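Notes to accompany the following structure.
The sequence lines fix the lettering, A, B, ..., with proteins before strands; numbering per chain opens at 1. Keep in mind it's a predicted model, so treat the numbers as computed, not measured.
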Amino acid sequence: MAMLVVKVGGGRGIDYDAVCADLAELHRLARPWLLVHGGSHETNVLSEALGHPPRFVTSASGYESRYTDRATLEIFEMAYCGKVNKGIVERLQGLGVPAVGLAGLDGRLLSGRRKSTLTIVEGGKKKVLRDDHTGKITSVNTDLIRVLYEAGYVLVVCPPAISDDHVAVNVDGDRAAARIAEAVTADDLVILSNVPGLLRDPDDEATLIPQIASEALNEHFGYAKGRMKKKLMAAQEALDGGVGRVVLGDARIAQPIRAALGGRGTVIGRPTDHRA
Amino acid sequence: MAMLVVKVGGGRGIDYDAVCADLAELHRLARPWLLVHGGSHETNVLSEALGHPPRFVTSASGYESRYTDRATLEIFEMAYCGKVNKGIVERLQGLGVPAVGLAGLDGRLLSGRRKSTLTIVEGGKKKVLRDDHTGKITSVNTDLIRVLYEAGYVLVVCPPAISDDHVAVNVDGDRAAARIAEAVTADDLVILSNVPGLLRDPDDEATLIPQIASEALNEHFGYAKGRMKKKLMAAQEALDGGVGRVVLGDARIAQPIRAALGGRGTVIGRPTDHRA
Amino acid sequence: MPKCLECDAEITLKADVEAGEIIDCPDCGTEFEVRSVDPPTLDHAPQEEEDWGE
Amino acid sequence: MPKCLECDAEITLKADVEAGEIIDCPDCGTEFEVRSVDPPTLDHAPQEEEDWGE
């Protein structure tokens, strides 16, 4: 049975109980999966509470990202690797899933190349940020994944990754999921977030785009703004990496993963096989 | 080579860089070890900053512990599993050690029995606390440890454990290290903290007790107050579990682990073999 | 006024009594936990397990 | 006043210039990063890598 990679976002309104219940059912049905999760909402709340409010910057080429200085990185780790990761592991254990939570740091599960500088536009000025702990994933430690799955465990993974110069780096969770899906030759990558999928009009959930062929994905980037743009980039990278189908699904509905596997949301690549 | 279990406290003034450098050297010398770490100082700082100040309670039988309601447990996870655990893994990776950070939750590495109630004395009154997420370790998942060590990885472990009813529970780090040392049949358990070892007079570091025979340990409980009392309990449990030697060492000195292995601190059980 | 669950003696609760507090029956000495103050309800105090925790 | 590292033209820094800011040489258009404001020192602007991040 090919591996299923599921990415669940960390935004507001994500129902981890429903996601975990669905994952537990898939585990019971012997469908192997690996979960990658976010934690941006928790990180924002924690940053504010600790008097180090999040600073989002827009790169010269228009991408928004969290400026991750050392203090932010440690807050990021507390939210992602501490609260969210262990909260999910606790839920899954309670549902009979032998879950193991790992950050990309652990055993160099996710290695990345740290960007030495980030050029941003802020207050009408172009600026260079130097101590941004951000990177791009260059490799996935499939050996560590294989060892744990062969021993019967199931992985719950989150950033940060670790750079070649051994520094923890914040990486985009959706693209991390895509790289993992590619590395484990997953058939499906399901990306769940607090929106139904790719919408022609972001403010109108009725404008959901149900199906996009791989080669047509490029033409749809125009519909995506902010985080959705990164999800499309992730989908493109997964498809390029041999993943057959990427589904952008809604994390707020009941049985969100099986709904996505059944074609609910935006299916990119291989159309849903309704006989399965 | 028998396993060495090292416990490093989470108190103020712990020099994780020195501890990690020492561990990396031992790894280079092919001396297998497993690290258990604390994080109480970070947890206190975080609790205060989040407006949920730590509440330490004293049980009817005189033991002090952190009252761990659900909110405290999540702060505890952020500090232990997020900041401290991943900070140590990051340092070790930078020193060439293939470290993997796990909480006791992960893969049920540490299972515990949750105390349903805690009877405390506070403000001259005896009280029952109900939603205390505290427990005692009942079993260690040696299978998960073996799988990862055989694959060449090295473990960095911290609480919480997971209870039989699948709830994350705060467990005493020193006693967790003792149970792990017993489970992996370690020769040595080194417990490092921000004191030189067991002192006859806690305020005078010159009153260090260098050597205690296993059978004489009981007579020395009188010298221990607060956290040190728990370290002696942990030492007793490790010795009862077949661990040959427990050394209470100072985490603030250079090469703290090799100093402890060389007999510096309070050696309990098998005297230090100076030929080794 | 709540009654002792063992010997039926009447137990007067102090003004500053709190939920969760443990009190003893003045007659037979049995320990009770004040489960709630209003209305005052008592329950046998939980059996004290050896404590531990971080 | 700092000089352009390419064409030696003099580059006047605005009053609100910040360390890390990128400015262009008015003559040859080369981009520089203001490494420090006082004393004003310039360096070639870093080559822009495709960005990413959470």
Side-chain angles (χ1 to χ4, degrees), chain A residues 39 42 45-46 48-52 73-109 111 141 143-144 146-148 150-156 158-160 162-163 165-169, chain B residues 39 42 45-46 49-52 73-109 111 133 141 143-144 146-148 150-156 158-160 162-163 165-169:
Chain A
E42 290 290 344
V45 168
L46 192 56
E48 297 284 354
L50 295 178
H52 192 78
L73 179 77
E74 288 175 6
I75 294 170
F76 179 97
E77 286 176 332
M78 289 196 271
Y80 279 69
C81 313
K83 183 170 179 177
V84 180
N85 188 266
K86 299 317 170 195
I88 290 175
V89 168
E90 185 185 20
R91 284 185 180 85
L92 289 172
Q93 291 281 0
L95 296 165
V97 177
V100 169
L102 293 180
L105 275 177
D106 295 310
R108 310 188 80 87
L109 177 59
S111 299
N141 183 350
D143 163 64
L144 179 54
R146 185 182 44 75
V147 160
L148 285 167
E150 280 174 5
Y153 297 100
V154 178
L155 280 180
V156 176
C158 65
I162 186 156
S163 70
D165 51 2
H166 316 303
V167 168
V169 285
Chain B
E42 290 290 345
V45 168
L46 193 56
L50 295 177
H52 191 77
L73 179 77
E74 288 175 4
I75 293 171
F76 179 96
E77 286 176 332
M78 288 196 272
Y80 278 69
C81 312
K83 183 170 180 178
V84 180
N85 189 267
K86 299 318 170 194
I88 291 174
V89 168
E90 186 185 19
R91 283 184 179 84
L92 288 172
Q93 292 281 359
L95 296 165
V97 177
V100 170
L102 293 179
L105 275 176
D106 295 310
R108 309 188 81 87
L109 178 59
S111 299
H133 290 65
N141 182 351
D143 162 63
L144 179 54
R146 186 182 44 73
V147 161
L148 285 167
E150 280 174 3
Y153 297 100
V154 178
L155 279 180
V156 177
C158 66
I162 186 157
S163 69
D165 52 359
H166 315 304
V167 167
V169 285

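Remark: of the listed residues L102(B), D106(B), V100(B), V100(B) is the sole one forming a side chain to side chain contact (heavy atoms under 4.5 Å, CB included) with D106(A).
Heavy-atom pairs under 4.5 Å with chain B peak, among R108(A), K86(A), E74(A), E42(A), at K86(A). Annotation: maximal heavy-atom pairing with chain A below 4.5 Å, among A103(B), A49(B), G94(B), occurs at G94(B). For the set P98(B), P160(B), G107(B), the entry with the most heavy-atom pairs within less than 4.5 Å of chain A is G107(B). Between chain B and the options E77(A), E150(A), E90(A), heavy-atom pairs under 4.5 Å are most frequent for E90(A). By number of non-hydrogen pairs under 4.5 angstrom with chain A, the leading residue of A151(B), G87(B), A168(B), G152(B) is A168(B).
Residue V156(A): no heavy atom, backbone or side chain, is found under 4.5 Å from chain B. For V154(B), no part sits under 4.5 Å from any heavy atom of chain A, backbone or side chain. Proximity to chain B is limited to the backbone of A99(A), based on heavy atoms less than 4.5 angstrom apart. Heavy atoms of L144(B) lying under 4.5 Å from chain A belong to its backbone as well as its side chain.
Residue L105(A) comes nearest to V89(B) through the heavy atom pair O-CG1, 3.9 Å, listed as atom of the first residue, atom of the second, then distance. In terms of heavy-atom proximity, C81(A) sits nearest to G82(B) at CB-CA, 4.1 Å.
The CG atom of N141(A) sits 3.5 Å away from atom OH of Y153(B), with the distance rounded to the nearest 0.5 Å. With rounding to the nearest 0.5 angstrom, the CD atom of Q93(A) is 10.5 Å from the OG atom of S163(B).
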Apply side chain to side chain contact (heavy atoms under 4.5 Å, CB included) to L50(B) and L46(A), showing your working.
CA-CA 8 Å; L50(B) 295 177; L46(A) 192 56; 3.7 Å; yes

